[in-house]
Number of protein chains: 2
Amino acid sequence: MSDDSTVKSGFTRRDLLGNTAKVATLAGLSGGAMAGGLTALSLPISANAAEPGKGEVRPGELDEYYGFWSSGQGGEVRIVGVPSMREFMRIPVFNRCSASGWGQTNESLKILSDGLLPATKEYLSTRGGTWMNGDAHHPHMSFTDGTYDGRYIFINDKANTRVARIRCDVMKVDKVIEIPNAADIHGMRPQKYPRTGYVFANGEHRVPIPNDGSVLDDPSKYHSVFTAIDGDTMTVSWQVIVDGNLDNCDADYQGLYAFSTCYNSEEGVTLEDMTANEQDWAVVFDIKAIEAGVKKGDFKKISGVAVLDGRKGSPYTRYIPVSTSPHGCNTAPDGRHVMIAGKLSPTVTVIDVTRLPDLFADKIGPRDCVVAEPELGLGPLHTAFDNKGNAYTTLFLDSQIVKWNIDKAVRAFKGEKVDPIIDKVDVQYQPGHNHTSMGETKEADGKWLVSLNKFSKDRFLNVGPIKPENEQLIDISGDKKLVVVHDGPTYAEPHDCIIVRADIVNPKSVWDRNDPVWEEARKWAIKDGVDLDWGEDVIRDGNKVRVYMYSVAPKFSLEKFTVKQGDEVTIFITNMDDVDDLAHGFTLGNYGIAFEIAPQATASVTFIADRPGVHWFYCQWFCHALHMEMRGRMLVEPRAV
Amino acid sequence: MSDDSTVKSGFTRRDLLGNTAKVATLAGLSGGAMAGGLTALSLPISANAAEPGKGEVRPGELDEYYGFWSSGQGGEVRIVGVPSMREFMRIPVFNRCSASGWGQTNESLKILSDGLLPATKEYLSTRGGTWMNGDAHHPHMSFTDGTYDGRYIFINDKANTRVARIRCDVMKVDKVIEIPNAADIHGMRPQKYPRTGYVFANGEHRVPIPNDGSVLDDPSKYHSVFTAIDGDTMTVSWQVIVDGNLDNCDADYQGLYAFSTCYNSEEGVTLEDMTANEQDWAVVFDIKAIEAGVKKGDFKKISGVAVLDGRKGSPYTRYIPVSTSPHGCNTAPDGRHVMIAGKLSPTVTVIDVTRLPDLFADKIGPRDCVVAEPELGLGPLHTAFDNKGNAYTTLFLDSQIVKWNIDKAVRAFKGEKVDPIIDKVDVQYQPGHNHTSMGETKEADGKWLVSLNKFSKDRFLNVGPIKPENEQLIDISGDKKLVVVHDGPTYAEPHDCIIVRADIVNPKSVWDRNDPVWEEARKWAIKDGVDLDWGEDVIRDGNKVRVYMYSVAPKFSLEKFTVKQGDEVTIFITNMDDVDDLAHGFTLGNYGIAFEIAPQATASVTFIADRPGVHWFYCQWFCHALHMEMRGRMLVEPRAV
């Protein structure tokens, strides 16, 4: 029944076991150990038992750190307190949020659609104006001089090829852009020095450029693209085409280079093809050379963006061979070492950034930049750091974190008989990303490590076929031992996180009435001659009706308003309460409309009043003892029949 | 600028302070104390300090209870471990979920739309087929013989007038129904005895019946409706029109009566009107009398439902006067007492169910059913229970929980000089619902109390203009003292919860291949001659294309398939992995499509392939060491131009 254009992926139920074994063999691992979640160790943790109360934050005490968690396919960013591991807040980003109205209010729809590419805008114009899902992997804060500066959190969307920015003053997204010429943004990191500056973003999947259907089943014409976004303007500065598939990335502490792990040097499209070679690469991007290339016009303009050719042999990149299918890419706070995790190899490859100028000058070969390659255990994925020269690598297959010393690894690579491994601790189970407190900055402080584990298995009460992941808090303050102090179940998927000292983050509690978010509302109010702050007006404009209301607990300024069936109605609400935490909400019953209005904010929504009758609106964001009574009526006159 | 049909709510910025004072006066409280969140006490908690580690669940230990939390305007239900207060799982219900594809898959859209009323279906037919928001207030488990039976969780949607049912075997919603003749379902409780049986649901807002626009601004023709849903079939059994606005409800332990708090006996539409009277009511519904009324045809059929007239004077109801605007309604595990919380009065009114037969027989008056009315503090909202005859009432304005003895309150009401109050504890801040472990069943065990507080203020790191709520865990196992042991921030809004002994809940880890959820997929596969389990087929049917795939980690059965631009494509995926926790996902890049496929489940999605080019699909639900490589291509041939 299948036509010629359908290709089965080369395994059947009958040869499945054999095939898994083959893949495992490619990686030099046993078949059983490959099947994540199947054979995880379940050792007792008594050897590493926590002291009771370590990491406890008592009622009324504050946490020391803000954690910013991505949520993977959940599409949001979460704010978590560390070390209490309590989730303080959800920030809707790529998801549709029932509570806040994100993806429904005019203000959020503008943010979500302004930065989309024209073809996407057109596709979505009849489909609600925005995507309702995202795959948010890597949350990172903006940097100044090698450490967090508290301005923004950036986050990628692998599902729909976007990068979003969260304003840390209000903890809301203010920009979302779709990256042209790329497919499925994966690795993403801000420039650390001198500041952000650029946000580097990897288009992971190889596709034709442009991807308009003129090339279809010819993988030799597919490309993966490295993108530099201007973090201030949220526009694309330039792109670089590479060989292979880009995976994770990071930036240096000098403002000279960026790095990406790069797999599928075979440029295949099946699993077997992609893992056939013994080696893939870490790609190094020379930022200054690329900027010079842009300046002198050495690019093609595609979809309005300068695209440079950074494939092998180009002046803009170097390809450092590492074992096949590398994954994590993490720059150490020493400003010198970059860790490339082996994934299918038990090693982490350490690149010394001080050797890169000679590499680009062709004075040394690519492998001459490698200064260590310790064998750490099975399935190394990501590496975090403390302030004492130690690294902490997740071992996916071993279900462990390994603590190792960078200097000793470098000395061992030179031939000295020294063991870089300091300790290993079991985690439950199959860790992916990990992160230490301030660990991706020059202010790494060596206090806490979070291990984001892909499976929780038997660690929590059974909640059905879909299980939580498990994020574990580990005390790394000791000289040697790693101690698991907390198990934290979380909904899909705590993909990655950062842990930021609390003094760096200083949000407002009340919006500034001049905030640009509701600029469009301001323009409409001026046009309609209405005071946006204290509106209690209904403006009819043909079959368009604009309703202006304000809220002061426990009331909306209008008790009722009347429209005609079929009218296009826009409701603007300004919350004139200006007290901390006195948010209101607006729900319009049986019209599917609900959104938040935080103190001193304006929010609006537009809909077609196609349902006649009496529709109550009410405040759904608890505000006052008489909150339940905070409501009014929209009367919709039926269309004449 | 406002037309005649617009009515301002009677206050302006200039007289706002005066007006707030007026409202406060109505309630007999000071203006300052009324403004929730403004004047909350911030007393040190040292007097009630917890012993360190009390309630701690160490890494690897399991919780004793499943907590089922509503999320208010978040629209979902959350599973929380008690006493660890860790969130294990989100169950999407009325919200659109980016991770699971709830609200996008054909299976979820069928569940979300099948039970909607025809007019709503029509409205949504061009708007994605379902609402994207809900306001989920009251989660309650099905009962058998007065205690939880582990079958279902029911939950109301105030925003779009629905009731949903969650299957506890898989922790997924299987039914969502819209309630006809009602507006904005609020209070909702299952029948406790002999079993559920009925699910009682209050239509809170008064609207014309039918609400088709023929009556608009005539509140004298508005009604609030009490609904009995058959919890087995999820169809409406009957409805009863009442006076006033229905608020919260509960059922007895005998299977004879249900109770609702009922405010706005004035039947006004403004805040001032609704709070003008000194007294409102607790309404009692006589289940057997109503069933007999239905049997003998004493109803009007409206929107296909038998609607009985239960206004004052009817044989089906009695109206017991209580102080104005009562709120909480909670039946005690002693099977005898029902607590009606005063909200604007400092009292809880206690009704004795053994007197209700005489009330319905007109042998006694409504107030003769009241056996206690203790004065407990300011703003009593909801009452929970232990197994020792004590009650725990939230005091919204005092920001406290008060522990009091029911028997002593009854004796005091008779004139005995005895103080029913045992202890008060400060909570942070403004508690709404509370709940004890097993406290709404005859198996109440008196171990834990959760207080769901509407404001967190200074208890957590500042996260911007929108703050978390605070759910606090309180140790009630002592004879006297209540001890706060945990502060739990949560996103909007932990409206209500139940706490269920772990042995009662026994979910599956793997779906049964015969599950009815994907019945439609099964029919399509039979029609197309495809093996749904092991599909690797692409069926073209005009401009409709059906793609059948299965997943076994780390592969989908098709590496690629080809469609034409404009085709209506349905993708069916069956996860043939049958190991605990081996869920897969399916994300189709730059098409806004993503959903989960749990072990042994089938899920599907339908979309128009309007974007030409190469589109990668990939597994976004972590499954295997080679999870990132689990992907394939959809090739979309461009439309001829």
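First the proteins, then the strands, lettered A, B, ... as listed; each starts at 1.
V636(A) touches chain B through its backbone: at least one of N, CA, C or O sits under 4.5 Å from a heavy atom, while the side chain does not. When heavy atoms are compared at a cutoff of 4.5 Å, N506(A) does not approach chain B at all. Residue T161(A) touches chain B through both its backbone and its side chain, counting heavy-atom pairs closer than 4.5 Å. For chain B, the nearby part of V215(A) is the backbone; its heavy atoms alone come within less than 4.5 Å. Of the two parts of N462(B), the backbone and the side chain both hold a non-hydrogen atom closer than 4.5 Å to a non-hydrogen atom of chain A. Interface residue Y66(A): backbone and side-chain heavy atoms are both found under 4.5 Å from chain B. Interface residue M274(A): only side-chain heavy atoms are found under 4.5 Å from chain B. Contacts of A502(A) with chain B are made by side-chain atoms alone, with heavy-atom separations under 4.5 Å and no backbone atom involved. Looking at Q104(A), neither its backbone nor its side chain comes within 4.5 Å of chain B, counting heavy atoms on both sides. Of the two parts of I593(A), only the backbone, made up of N, CA, C and O, holds a non-hydrogen atom closer than 4.5 Å to a non-hydrogen atom of chain B. E87(A) touches chain B through backbone and side chain together, each having a heavy atom under 4.5 Å away. Heavy atoms of H327(A) lying under 4.5 Å from chain B belong exclusively to its side chain. For S71(A), no part lies under 4.5 angstrom from a heavy atom of chain B. With a threshold of 4.5 angstrom between heavy atoms, N211(A) approaches chain B through its backbone and through its side chain.
With contacts defined as side-chain heavy-atom distances shorter than 4.5 Å, the pair V614(B)/P208(A) qualifies. The side-chain heavy atoms of S325(B) and M628(A), taken from C-beta on, include no pair separated by under 4.5 Å. W616(B) places a side-chain heavy atom less than 4.5 Å from the side chain of V269(A). Looking at D217(B) and R633(A), their side chains come closer than 4.5 Å, going by heavy atoms from C-beta outward. Side-chain contact between Q73(B) and T587(A): absent, with no pair of heavy atoms (C-beta onward) separated by less than 4.5 Å.
Atom NZ of K454(A) and atom NE2 of H624(B) lie 14.5 Å apart (nearest 0.5 Å). Between atom CZ of residue R459(B) and atom CZ of residue R86(A) there is a gap of 9.0 Å, rounded to the nearest 0.5 Å.
Stacking of R611(B) on the aromatic ring of Y123(A) is recorded, both the 6.0 Å distance cut-off and the 45° axial limit being met.
Of all heavy-atom pairs spanning N590(A) and W131(B), the tightest one is O-CH2, 3.4 Å. Closest non-hydrogen pair, Q620(B) versus E493(A), comes out as O-OE1, 4.2 Å. Closest approach of G74(B) to S98(A), counting heavy atoms only: O-CB, 3.4 Å. The two residues P465(B) and V170(A) come nearest to each other via the heavy atoms CD-O, 3.5 Å. K457(A) and D581(B) get closest at one heavy-atom pair: N-OD2, 3.6 Å. Between G60(B) and D487(A), the shortest heavy-atom distance links the atoms N-OD2, 3.7 Å.
Under the 30°/60° scheme for interplanar angles, the aromatic rings of F460(B) and F88(A) are found to be tilted. Note on ring orientation: taking the six-membered ring where Trp is involved, the planes of F396(B) and F622(A) are tilted (angle from 30° to 60°).
Most heavy-atom pairs under 4.5 Å with chain B, from the set V510(A), N95(A), D184(A): that is D184(A). Chain B forms more heavy-atom pairs under 4.5 Å with one residue of H486(A), K158(A), E76(A) than with any other, namely K158(A). With chain A as partner, the option from A159(B), A583(B), G103(B), G128(B) having the largest number of non-hydrogen pairs under 4.5 angstrom is A159(B). When each of I466(A), T490(A), V207(A) is scored by its heavy-atom pairs under 4.5 Å with chain B, the top score falls to I466(A). Ranking M171(A), M132(A), R127(A) against chain B, the residue ahead of the rest is M132(A), based on heavy-atom pairs under 4.5 Å. In terms of non-hydrogen atom pairs under 4.5 Å with chain B, the most contact-rich of C97(A), G134(A), S509(A), S100(A) is S509(A). Between chain A and the residues G589(B), G632(B), A183(B), G72(B), the most heavy-atom pairs under 4.5 angstrom are made by G589(B). Contact tally against chain B (heavy-atom pairs below 4.5 Å) for L216(A), D169(A), D610(A), L62(A): the top residue is L216(A).
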